[in-house]
There are 2 protein chains.
Amino acid sequence: MTTAQDTQRTEESALSNPSAVGLVAVIVAATDGEPRALTVEVDGQASGRSRGLPAGPLVPEHPTLERGLRAWVERQTHQRLGYVEQLYTFGDRDRQGDESQGLHSLSVAYLALVREVRPAGLAEASWRNWYGYLPWEDWREGRPAALTDIEARLLAWAAETTDPKQRRRREDRLALTFGLCGGAWNEERVLERYELLFEAGLIPEAQGQSGAASTTESGATGAPMAFDHRRVLATAIGRLRGKIKYRPVVFELMPPTFTLFQLQRTVEALSGTNLHKQNFRRLVAQQGLVEETDGVTSGATGRPARLVRFRREVLLERPAPGFRLRATRKPA
Amino acid sequence: MTTAQDTQRTEESALSNPSAVGLVAVIVAATDGEPRALTVEVDGQASGRSRGLPAGPLVPEHPTLERGLRAWVERQTHQRLGYVEQLYTFGDRDRQGDESQGLHSLSVAYLALVREVRPAGLAEASWRNWYGYLPWEDWREGRPAALTDIEARLLAWAAETTDPKQRRRREDRLALTFGLCGGAWNEERVLERYELLFEAGLIPEAQGQSGAASTTESGATGAPMAFDHRRVLATAIGRLRGKIKYRPVVFELMPPTFTLFQLQRTVEALSGTNLHKQNFRRLVAQQGLVEETDGVTSGATGRPARLVRFRREVLLERPAPGFRLRATRKPA
DNA sequence: CGGCACAATGCTCACATTGAGCATAAGTGA
DNA sequence: TCACTTATGCTCAATGTGAGCATTGTGCCG
């Protein structure tokens with residue numbers, strides 16, 4: 001293992017090997033039953049303008065990475081970030097587009113949840129439905145149409161190898177991530193699916209950054225994003241889908257009072273699946289996640305619903321409250 | 001939000017704000033029913049020699065952070081890393097001891113699992129039981145003795161505030177993390193517990209790095225580590241304890257064949273709790289995690305046990321196989 | 001050699017959780 | 001008033017889960 005000298009050298013003078021470090025944020029909101037991420041306009045290197053996630057330099061004046069990010073985003077968006085979580089630190093491979101000139105380049109990605117969608121301040125920034133970038137992830141209307149095309153191309157990709165062993169491995173991965181060949185769809189494997197598509201060459205960002213290489217139309221494989229930002233988005237979605245099952249983070253996306261159905265729609269939007277209504281309510285009720293207010297909805301179609309609010313106390317009570325969501329079998 | 005110019009500046013010339021980036025690894029093995037982490041000797045800044053985690057500079061020649069880490073560790077330890085996962089990227093606050101001279105300093109921490117414990121190559125490196133650093137985390141022999149002292153001091157810390165609101169908050173946190181005041185112990189909250197102790201001043205590393213400040217004896221609060229490495233270790237343990245519940249990662253720590261009881265001992269070592277033997281076997285069986293070999297143990301006391309091996313196929317079959325471990329109520 | 005201690009294994013049982021569906025209530029719009 | 005839509009209450013069967021009893025092999029000790 002590392003010698004004492006090695007270690008010392010590292011800890012005390014790592015500055016001999018400085019790197020460019022940036023922050024990227026996936027800022028998520030949910031309105032009208034759609035999951036949205038904040039995107040900005042970015043000058044692509046050669047491919048003209050495209051959309052990307054808000055990103056910025058590491059601001060040195062802050063004590064903690066997270067607090068730095070929080071301040072940075074809140075200053076720019078004038079929105080309070082309800083929940084912030086570090087996602088992942090991406091290294092060079094993914095940061096295509098700036099060939100490191102002897103320098104490493106890293107970006108530390110964060111996930112943030114915001115409650116309200118303001119007009120998004122700056123003109124270049126806007127909220128986009130995240131399934132526009134990853135259409136195969138939305139199973140709320142049943143099996144996404146995008147998958148028909150994708151599956152065919154993935155199977156072709158698996159078949160194009162002559163080495164039977166590698167071919168077997170590819171097929172296994174297809175089963176594991178996309179549920180082909182008898183596998184089951186697991187809504188949390190968002191990143192694995194994205195990376196598989198990337199390897200299979202179905203992601204335009206994969207083919208160098210020259211705009212000319214956009215042979216892949218964005219229909220089935222979704223709209224592209226600048227740099228590796230779609231990978232970051234996929235990471236965020238996967239993480240969030242896992243998190244809502246054991247932590248009450250969805251409430252960070254809800255207004256102060258809401259109906260159980262709105263809550264359900266939000267959870268469904270994030271997870272990309274449909275839930276059994278009655279069971280969802282039972283779950284929320286027995287976990288004690290919400291308390292009733294005396295308000296009810298009005299004006300909408302159907303019987304008026306009681307308005308509820310999040311019970312902040314549960315953060316202290318239950319060891320790990322959240323939704324154990326099992327998708328219903330029936331489509332929609 | 002970020003303007004297009006901002007974004008561009010960041011992505012293309014973040015080098016205007018370079019940072020010192022290092023890697024830290026928590027390399028875990030389990031032998032003789034004890035969880036161990038690889039530690040090295042480190043020259044503390046003023047506190048003389050102490051132990052720390054293996055750390056090194058970011059090696060630029062590798063395509064991916066993870067692959068870089070893998071190569072780095074494997075070269076140094078001559079051990080194959082079975083499983084590698086990025087843990088967290090720690091920023092300045094935690095990296096005490098090198099006051100950044102205008103530079104940011106980050107360390108990207110990784111968790112790695114190894115199967116066998118070799119003599120640890122270099123003399124300065126050795127495998128240490130991780131509960132030596134976090135004694136309050138080991139509940140296998142019942143409630144850890146260290147907790148009596150710790151709890152008293154934590155309660156005193158909560159009581160020393162005059163502001164009733166802050167005091168309430170502190171008590172809530174004690175309930176949440178340490179299960180005081182009627183809360184339950186959650187074995188995954190390792191990091192939260194460490195950070196609470198840190199804030200309460202029970203962690204010697206907290207009081208600047210001068211050796212003189214070591215007023216806190218290491219009995220109840222565990223042995224100190226260099227830099228913020230105990231925080232990194234706590235992060236790793238918490239993550240691993242969560243992971244084994246839904247992913248079959250424990251097997252990365254096991255020899256090629258083993259008995260179910262050895263497996264149980266390993267899981268217990270990691271989670272720091274005891275499990276109900278029969279139920280554990282039932283779980284492993286019905287999840288199809290292992291398959292029998294024709295070997296049996298011999299020589300040991302008690303009826304010989306069948307040797308089993310991990311069924312690699314489960315990685316493909318079940319959506320998320322792992323142990324849902326619920327601790328038994330009875331002590332040991 | 002019989003008895004013991006100690007694990008390994010098999011099996012039962014009460015109870016909680018969960019997936020699904022039926023039925024009824026209470027609004028809106030035609 | 002009817003048709004439609006959503007809210008909400010309740011039941012039921014299947015499965016999962018925590019605990020504990022019973023039995024079976026082995027090495028060890030008089």
Side-chain angles (χ1 to χ4, degrees), chain A residues 32-33 184 187 245-246 257-268 271 273-308 318-332, chain B residues 32-33 184 187 245-246 257-268 271 273-308 318-332:
Chain A
D32 314 319
E187 81 277 356
K245 289 181 188 161
Y246 60 94
T257 78
F258 48 88
T259 70
L260 289 178
F261 195 50
Q262 285 166 351
L263 182 64
Q264 183 182 344
R265 282 280 180 250
T266 306
V267 173
E268 290 175 334
S271 73
T273 60
N274 288 306
L275 303 173
H276 182 110
K277 177 139 84 173
Q278 293 94 321
N279 290 346
F280 179 81
R281 311 173 121 254
R282 177 174 62 186
L283 189 66
V284 176
Q286 76 188 18
Q287 301 251 99
L289 293 174
V290 301
E291 61 194 0
E292 298 196 340
T293 70
D294 39 5
V296 286
T297 54
S298 65
T301 167
R303 173 173 166 178
R306 170 127 268 129
L307 287 170
V308 298
R318 324 201 100 266
F323 301 101
R324 319 168 216 156
L325 31 99
R326 331 271 207 212
T328 18
R329 301 332 181 198
K330 56 168 199 178
Chain B
D32 314 319
E187 80 277 354
K245 289 181 187 162
Y246 59 96
T257 79
F258 48 89
T259 70
L260 288 179
F261 195 50
Q262 286 167 352
L263 181 65
Q264 183 181 343
R265 282 281 180 246
T266 306
V267 174
E268 289 175 335
S271 72
T273 61
N274 289 306
L275 303 173
H276 182 112
K277 177 138 86 175
Q278 294 93 320
N279 290 346
F280 179 82
R281 310 173 122 257
R282 177 175 61 188
L283 189 67
V284 175
Q286 76 188 17
Q287 300 251 99
L289 293 174
V290 301
E291 61 194 359
E292 299 196 340
T293 70
D294 38 5
V296 286
T297 54
S298 65
T301 168
R303 173 174 168 179
R306 172 125 267 133
L307 287 169
V308 299
R318 324 201 100 266
F323 301 102
R324 315 160 221 164
L325 32 99
R326 329 274 205 213
T328 19
R329 299 337 178 196
K330 57 169 196 177

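Naming convention: chains lettered A, B, ... in sequence-line order (proteins, then strands); numbering from 1 in each chain.
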Could you state the [atom1]-[atom2] distance from [X] to [N], rounded to the nearest angstrom?
X        : N      : atom1 : atom2 : value
B:Leu275 : D:dT17 : CG    : P     : 13 Å
B:Phe280 : D:dG18 : CZ    : P     : 13 Å
A:Lys277 : D:dG9  : NZ    : C1'   : 13 Å
A:Gln264 : D:dA7  : CD    : P     : 9 Å
A:Glu292 : D:dA7  : CD    : P     : 14 Å
A:Leu263 : D:dT8  : CG    : P     : 13 Å
B:Lys245 : D:dG16 : NZ    : P     : 19 Å
A:Gln287 : C:dT18 : CD    : C1'   : 13 Å

_Quick check for you: to the nearest 0.5 Å, what is the distance between B:Arg265 atom CZ and B:Leu263 atom CG?_
12.0 Å

*To the nearest 0.5 Å, how far apart are CG in B:Leu283 and CD in B:Gln278?*
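The CD atom of B:Gln278 is 13.5 Å from CG of B:Leu283, to the nearest 0.5 Å.
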
_Quick one, B:Val308 and B:Thr259 - any side-chain contact, counting heavy atoms below 4.5 Å?_
no

*Report the residue from A:Lys277, A:Arg282, A:Arg281 that forms a side-chain hydrogen bond (donor to acceptor under 3.5 Å, both in side chains) with A:Asn279.*
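With A:Asn279 as partner, side-chain hydrogen bond (donor to acceptor under 3.5 Å, both in side chains) holds for just one option, A:Arg282.
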
*With a 3.5 Å cut-off and just heavy-atom distances, do the side chain of B:Arg282 and the base of C:dG10 make a donor-acceptor pair?*
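No, the side chain and the base share no sub-3.5 Å donor-acceptor pair.
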
_Please check this pair: side chain of B:Arg306 against backbone of B:Thr293, looking for a donor-acceptor N/O pair closer than 3.5 Å._
yes

*Base, sugar-phosphate alone, or nothing: which one does A:Arg306 contact when heavy atoms must sit under 4.0 Å apart?*
sugar-phosphate

_Suppose we screen for salt bridge (Lys or Arg N to Asp or Glu O under 4.0 Å). Which residues come up paired with B:Asp294, at least two apart in sequence or across chains?_
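Not a single residue meets the salt bridge (Lys or Arg N to Asp or Glu O under 4.0 Å) criterion with B:Asp294.
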
Selected nucleotide, minimal atom distance to [X] side chain, candidates [options]:
X        : options               : result
A:His276 : D:dT17, C:dG21, D:dT8 : C:dG21
A:Asn279 : C:dG19, D:dG9, D:dA7  : C:dG19
B:Gln278 : D:dG20, C:dC22, C:dA8 : D:dG20

*Can you check each nucleotide of nucleotides 25-30 of chain D against protein heavy atoms at under 4.0 Å and return B for base, S for sugar-phosphate only, - for none, in 5' to 3' order?*
BS----

*Would you name the heavy atoms of B:Phe280 and B:Leu260 that are closest together and state the gap between them?*
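Taking B:Phe280 first and B:Leu260 second, the nearest heavy atoms are CE2-O, 3.7 Å.
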
